[in-house]
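So that the names make sense, note that chain A is the first sequence line, chain B the second, and so on, each numbered from 1. Since this is a predicted model, take the numbers as computed values, not measurements.
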Number of protein chains: 2
Amino acid sequence: MTKYEPDLDRTFFALADPTRRAIIGLLCAGPKTVSDLAEPFDIALPSLLKHVQLLEKAGIVTSEKRGRVRTCSVDTDALRATDRWLQAHITEWETRLERMEAHIQRMKENEQ
Amino acid sequence: MTKYEPDLDRTFFALADPTRRAIIGLLCAGPKTVSDLAEPFDIALPSLLKHVQLLEKAGIVTSEKRGRVRTCSVDTDALRATDRWLQAHITEWETRLERMEAHIQRMKENEQ
DNA sequence: TCAATACTTTCACATATGACTAAGTATGAG
DNA sequence: CTCATACTTAGTCATATGTGAAAGTATTGA
């Protein structure tokens, strides 16, 4: 089973909007209906739904329709993969700094 | 000294473009001039510069002009803070799942 | 059966974005 | 001093985005 590889364009873009990040925050506390999600926001329902759909396309949210109610949940696989990208680059930078510092230390010791 | 708190709108948006993520990848290997950065890409120099400037506004890149050459470096503070946001939400979700699983286990034990 | 509820779809609008070209500015090398 | 190099700025264009209102559809409860 391969590690989930998201479309990083989509996941980072989905996270670039404060309303969508707030939606994710709400869903981390547990599944919620579309109406639940809409309550804290002062935007029209079709606008909120558009955000939810963009989060679904990014793989961050899943939703299921039962009767007239659509319930949404967070799906952390995409968030994890996004996090892996960030971690890899932070680590690469830090590793390079550590190597440079060790090299400088060795040069100082050779100088004495 | 307070922990660096970036504008998450900007940092996630900066990361939502493949060209900008590639620029970050290049800079994680070490500082580079604008011309260095432009080489691997098939876009006009003003377009590449626009990307670099957006990364600077997001706090992910810093640059310094010396003579006619501008040298860019990565600055991982913004990447770290972005990562903290992701980690916090992944953790919140996982903590909630663990609690639910423990609760279900207890109910099963009480049933027997 | 009907009214209420919970979405869903469509269209419109203002703004932002990512690309381009062209021209300009500053610096360095010969 | 002149030419080459390395950016920088300005304007344009096509596309995308986030909001809204209006109307529609499906389901549920009385």
Side-chain angles (χ1 to χ4, degrees), chain A residues 6-27 30-75 78 82, chain B residues 6-27 30-75 78 82:
Chain A
D7 182 342
L8 287 174
D9 285 2
R10 282 182 167 177
T11 51
F12 277 122
F13 181 76
L15 294 162
D17 181 85
T19 302
R20 290 196 289 275
R21 289 199 306 276
I23 289 168
I24 294 167
L26 291 169
L27 291 177
K32 285 181 172 50
T33 68
V34 166
S35 301
D36 289 340
L37 290 175
E39 262 198 56
F41 302 100
D42 194 27
I43 64 175
L45 191 60
S47 305
L48 191 282
L49 250 178
K50 210 175 175 189
H51 283 299
V52 171
Q53 281 158 3
L54 199 148
L55 286 167
E56 276 195 280
K57 278 190 169 182
I60 294 169
V61 158
T62 59
S63 72
E64 186 187 19
K65 189 76 171 278
R66 283 186 179 177
R68 65 187 178 190
V69 174
R70 179 175 292 276
T71 304
C72 309
S73 296
V74 85
D75 188 336
T82 308
Chain B
D7 181 341
L8 288 174
D9 285 2
R10 282 181 167 176
T11 51
F12 279 121
F13 180 77
L15 294 164
D17 181 86
T19 302
R20 291 196 288 274
R21 289 200 304 277
I23 288 168
I24 294 167
L26 291 170
L27 290 177
K32 287 180 170 52
T33 67
V34 167
S35 302
D36 289 339
L37 290 175
E39 265 198 54
F41 302 100
D42 196 24
I43 64 174
L45 192 62
S47 305
L48 191 281
L49 249 179
K50 209 174 175 187
H51 282 299
V52 172
Q53 279 156 2
L54 200 147
L55 286 167
E56 276 195 280
K57 276 188 169 184
I60 294 168
V61 158
T62 58
S63 73
E64 186 188 18
K65 188 77 172 278
R66 282 185 180 179
R68 65 189 179 186
V69 174
R70 180 175 291 279
T71 304
C72 309
S73 296
V74 85
D75 188 337
T82 307

Restricting to side-chain contact (heavy atoms from CB on, under 4.5 Å), what partner residues turn up for B/Pro40, sequence neighbours left out? B/Leu26
[X] and [Y]: which non-hydrogen atoms are nearest, and at how many Å?
X       : Y       : answer
A/Gly59 : A/Ala78 : O-CB, 3.6 Å
A/Asp9  : B/Pro18 : OD1-CD, 3.3 Å
B/Phe12 : A/Leu15 : CD1-O, 3.3 Å
A/Arg21 : A/Ala16 : NH1-C, 3.8 Å

Classify the nucleic acid contact of [X] as base, sugar-phosphate or nothing, counting any heavy atom under 4.0 Å across all strands shown.
X       : result
A/Asp42 : sugar-phosphate
A/Leu45 : base
A/Ala44 : sugar-phosphate

Taking OP1 and OP2 of D/dG18, is either one under 4.0 Å from a side-chain nitrogen or oxygen of A/Ser47? no
Taking only side-chain N and O atoms of A/His51, does any of them lie within less than 4.0 angstrom of OP1 or OP2 on D/dT17? no
In whole angstroms, how far is the [atom2] atom of [N] from the [atom1] atom of [X]?
X       : N      : atom1 : atom2 : answer
B/Asp9  : C/dT17 : CG    : P     : 11 Å
B/Ile23 : C/dG18 : CD1   : C1'   : 12 Å
B/Leu54 : C/dA19 : CG    : C1'   : 14 Å
B/Leu48 : C/dT21 : CG    : C1'   : 16 Å
A/Lys32 : C/dA6  : NZ    : P     : 16 Å
A/Leu55 : D/dT17 : CG    : P     : 13 Å
A/Leu49 : C/dT9  : CG    : C1'   : 10 Å

Matching residue for B/Arg20 among B/Leu48, B/Val52, B/Leu55, B/Ile60 - test: side-chain contact (heavy atoms from CB on, under 4.5 Å): B/Leu55
Taking DNA chain D as the partner, which of residues 64-71 of chain B come within under 4.0 angstrom of it by heavy atom? B/Lys65, B/Arg68, B/Val69, B/Arg70
Using the side-chain heavy atoms of [X], tell me which of these nucleotides is nearest: [options].
X       : options               : result
A/Ile43 : D/dT8, D/dT19, C/dC20 : D/dT19
B/Phe13 : D/dG18, D/dT8, C/dG18 : C/dG18
A/Lys50 : D/dT19, D/dT9, D/dG20 : D/dT19

Do side-chain atoms of A/Arg70 reach the backbone of A/Val34 as a donor and acceptor pair under 3.5 angstrom? no
